[in-house]
Amino acid sequence: AGIEPAADAGPVEPSPPVSPAPPALPVLPTGHPGAVPVAVPVPDEGAAATVAAAPQPSAALERILRGPSGLGTTSLHWARSDAPAVPAAPDAPARIPGNPIPGLYYHPVPEPDPVRVEELGRRIKAWALDEVSLYPEDWEDQFDGFSVGRYMVACHPDAPSIDHLMLATRLMVAENAVDDCYCEDHGGSPIGLGGRLLLAHTALDPVHTTKEYAPDWEASLLSDAPRRAYRSAMEYFLQATTPSQADRYRHDMARLHMGYLAEGAWAQTEYVPEVWEYLAMRQFNNFRPCPTITDSVGGYELPADLHAQPAMQRVIALAGNATTIVNDLYSYTKELASPGRHLNLPVVIAERESRSDREAYLKAVEVHNDLMRDFEAAAAELAVTCPVPSVQRFLRGVAVWVDGNHYWHQTNTYRYSLPDFW
Ligand SMILES: CC(C)=CCC/C(C)=C(\C)COP(=O)(O)OP(=O)(O)O
Ligand SMILES: [Mg+2]
């Protein structure tokens, strides 16, 4: 991961004052300079019926990708361009910084709104420095290089306001702080990871304990940068979401923490998993908590029983897996250069299937492409079988998150560079 907070995960340090309770989030655009009003792409009943009647998954997929159709819906096409998904040509001229991985199946996105990107960048830095003391000032370049504002604007083009975008952006920063500080090479280690993660998880899922012990737990939430970040980001999230949306997020974060633990355990014992085992671990150590808040950031709710449907769970898992293997591919050279052996899909394929680095990398691209195609087929099928407006919008929000995530990885040349395999 990438944002490098003050690496003080150990002993309790003097705490900054608890930030005030966040205000309730307005659902409508706020009039803030960056609060660009957007049309909400919820199909009407007629449009939903059209989807329901569509016989072919491919037609439904196109429907999800294109958004609503019909009179007056032009403005509802909020992110995916009409450009087809492309296996990139190796010699295609670059229009934006960073080259896409040749042969990768992805959808280009429009450039994120620069006004929003700038305002979000300003506000997230203020939060990081003033509200949660996330990192020392001399780490500013790394924070800026992470470009979290550009990331979140690209992934949530339907957010009604900057306040909504801030929900996702705080959580993204906090999640990376925990990964960097607890798990990876900014003070992290597999040793003792379980205890650190569990205690950090209580910033998301509070401890209900006796009067005697509650103050110690409360104080612990301010005792290091990852916990301060989780606690504050979750407090804002709770103000803006329903109890079931918050509980969905907690569940996804418990999954993530379980994935960190498996990765850490394998690192500790120097175990190189089989490819399928690696993919299982990476389904948990995964971006999943980010696309699954797309409705919260969009200012609407996918009801809990619709979120829990097995077909929706499959769509979410496949989307999360595709986005996470994108990270393995774009961060490959960074991870090769890091100390020790950092597992990612190309590294595991090379080891377990006795392939050259290049062959293994190219096979990992194919694994990603299969996951993307399976995700899109599963989403299309669900759109046909469940023509409910919130489901349609959620599926589209997840698809757009997948595309925005690819865009961010491709264009973040501060963090990532491609290997020389073509
Ligand atoms: C934002 C979030 C939920 C992250 C959790 C898992 C995670 C850190 C990733 C999927 C990114 O993977 P990785 O740790 O390999 O990140 P970098 O390659 O260092 O960018
Ligand atoms: Mg990586």
Side-chain angles (χ1 to χ4, degrees), residues 1-5 98 101 124 142-143 145-148 151-152 155-156 167-186 188 190 193 197 200-201 204 226 229-230 233-234 237 248-264 266-267 278-279 281-294 297 316-317 319-348 361 364 368 371 401-402 404-406 408-419:
I3 297 167
E4 300 171 357
I101 293 167
I124 194 62
Q142 290 168 65
F143 187 85
F146 192 74
S147 305
V148 70
Y151 197 175
M152 293 297 92
C155 287
H156 295 283
L167 299 174
T169 311
R170 286 186 210 95
L171 291 170
M172 172 62 82
V173 168
E175 287 149 5
N176 277 277
V178 170
D179 189 37
D180 285 343
C181 255
Y182 284 2
C183 308
E184 299 208 352
D185 44 352
H186 307 296
L193 180 60
L197 282 178
H201 193 84
L204 311 174
Y230 262 3
M234 190 65 182
F237 192 70
R248 181 200 308 166
Y249 179 71
R250 287 190 197 100
H251 189 180
D252 282 345
M253 292 301 286
R255 289 183 165 109
L256 175 65
H257 294 153
M258 196 157 62
Y260 287 164
L261 287 174
E263 181 186 52
W266 289 342
Y278 176 79
L279 290 169
M281 182 278 288
R282 206 58 169 134
Q283 177 167 309
F284 290 80
N285 178 354
N286 190 288
F287 284 122
R288 179 185 176 122
C290 311
T292 53
I293 60 169
T294 182
V297 181
I316 289 169
N321 291 347
T323 60
T324 304
I325 301 305
V326 158
N327 176 273
D328 280 15
L329 293 168
Y330 278 98
S331 65
Y332 175 75
T333 59
K334 173 170 96 74
E335 288 166 358
L336 274 189
S338 67
R341 172 154 45 187
H342 194 300
L343 295 186
N344 55 46
L345 186 58
V347 163
V348 174
Y361 190 93
H368 164 272
L371 289 166
W401 202 96
V402 169
N405 177 69
H406 173 269
W408 178 81
H409 279 85
Q410 177 196 332
T411 57
N412 196 330
T413 51
Y414 178 86
R415 288 175 65 75
Y416 306 124
S417 60
L418 297 187

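For ligands, and for the atoms within them, numbers begin at 1 and follow the listed sequence. FYI, the numbering just counts along the sequence from 1. Since the structure is predicted, the reported quantities are computational estimates derived from the model, not experimental observations.
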Original post:
Of the backbone atoms (N, CA, C, O) and the side-chain heavy atoms from C-beta on, which set of L256 has a member under 4.0 Å from an atom of ligand 1: side chain, backbone, both, or neither?
Top reply: side chain
Original post:
Going by the order shown, which atoms of ligand 1 are within less than 4.0 Å of some heavy atom of M172?
Top reply: 1 (C)
Original post:
Atoms of ligand 1 less than 4.0 Å from Y416 heavy atoms?
Top reply: 17 (P), 20 (O)
Original post:
What are the two closest heavy atoms between G404 and C155, and how far apart are they?
Top reply: C-SG, 3.6 Å
Original post:
If you measure every N/O of D179 against every N/O of ligand 1, is any gap under 3.5 Å?
Top reply: yes
**OP:** Specify the closest pair of heavy atoms between T294 and H156, including all atoms of both residues, with the distance to one decimal.
**Re:** CA-CE1, 4.0 Å
Subject >> Distance (rounded to the nearest 0.5 Å) between M172 CE and Y151 OH >> reply: 4.0 Å
Original post:
In E335, the N, O or S atom nearest to the Mg ion (ligand 2) is which?
Top reply: OE2
Original post:
Measuring from R248:CZ to T292:OG1, what's the distance to the nearest 0.5 Å?
Top reply: 6.5 Å
**OP:** Please determine if S331 has a nitrogen or oxygen closer than 3.5 Å to a nitrogen or oxygen of ligand 1.
**Re:** yes
**OP:** Pick, from F287, F284, Y260, Y151, the option with the minimum heavy-atom distance to atom 5 (C) of ligand 1.
**Re:** Y260
**OP:** Specify side chain, backbone, both or neither for Y330, according to which of its non-hydrogen atoms lie closer than 4.0 Å to ligand 1.
**Re:** neither
**OP:** Specify side chain, backbone, both or neither for D328, according to which of its non-hydrogen atoms lie closer than 4.0 Å to ligand 1.
**Re:** neither
Original post:
What do you reckon, does E175 have a nitrogen or oxygen under 3.5 Å from a nitrogen or oxygen of ligand 1?
Top reply: no
Original post:
Would one find an N, O or S atom of S331, in either backbone or side chain, under 2.8 Å from the Mg ion (ligand 2)?
Top reply: yes
Original post:
Do any nitrogen or oxygen atoms of N327 come within less than 3.5 Å of a nitrogen or oxygen of ligand 1?
Top reply: yes
**OP:** Using distance alone, determine whether R415 and ligand 1 share an N or O pair under 3.5 Å.
**Re:** yes
Original post:
Should you measure from each heavy atom of C290, which atoms of ligand 1 turn up under 4.0 Å away?
Top reply: 1 (C), 3 (C)
Original post:
N285 heavy atoms, cut-off 4.0 Å: which ligand 1 atoms fall inside?
Top reply: 6 (C)
**OP:** Would you check if L329 and P346 make a side-chain contact, meaning some heavy-atom pair closer than 4.5 Å?
**Re:** yes
**OP:** Please say whether N286 places an N or O atom under 3.5 Å from an N or O atom belonging to ligand 1.
**Re:** no
Subject >> Flag side-chain contact, heavy atom, 4.5 Å: E175 against M253 >> reply: yes
**OP:** Under 4.0 Å, heavy atoms only, figure out whether ligand 1 is touched by the backbone of R282, its side chain, both or neither.
**Re:** side chain
Original post:
Is it the side chain, the backbone, both or neither of R288 that has a heavy atom closer than 4.0 Å to ligand 1?
Top reply: neither
Subject >> Aromatic plane relationship, F287 with H409 - under 30° parallel, 30 to 60° tilted, over 60° perpendicular >> reply: perpendicular
**OP:** Could you verify whether a donor N or O on one side chain and an acceptor N or O on the other, from Y330 and H406, lie under 3.5 Å apart?
**Re:** yes
**OP:** Give, for atom CZ of F284 and atom CG of D252, the distance between the pair rounded to the nearest 0.5 Å.
**Re:** 10.5 Å
Original post:
Are any N, O or S atoms from N344 nearer to the Mg ion (ligand 2) than 2.8 Å?
Top reply: no
Original post:
For V178 and L197, what are the C-alpha separation, side-chain angles and deciding distance, and is it a side-chain contact (heavy atoms from CB on, under 4.5 Å)?
Top reply: CA-CA 8 Å; V178 170; L197 282 178; 3.8 Å; yes
Original post:
At a 4.0 Å threshold, what atoms of ligand 1 neighbour a non-hydrogen atom of N176?
Top reply: 1 (C)
**OP:** Please step through side-chain hydrogen bond (donor to acceptor under 3.5 Å, both in side chains) for the pair N344 and Y278, ending with a clear verdict.
**Re:** CA-CA 8 Å; N344 55 46; Y278 176 79; 6.0 Å; no
**OP:** Kindly determine whether H368 and V326 satisfy side-chain contact (heavy atoms from CB on, under 4.5 Å), including the steps that lead there.
**Re:** CA-CA 7 Å; H368 164 272; V326 158; 3.2 Å; yes
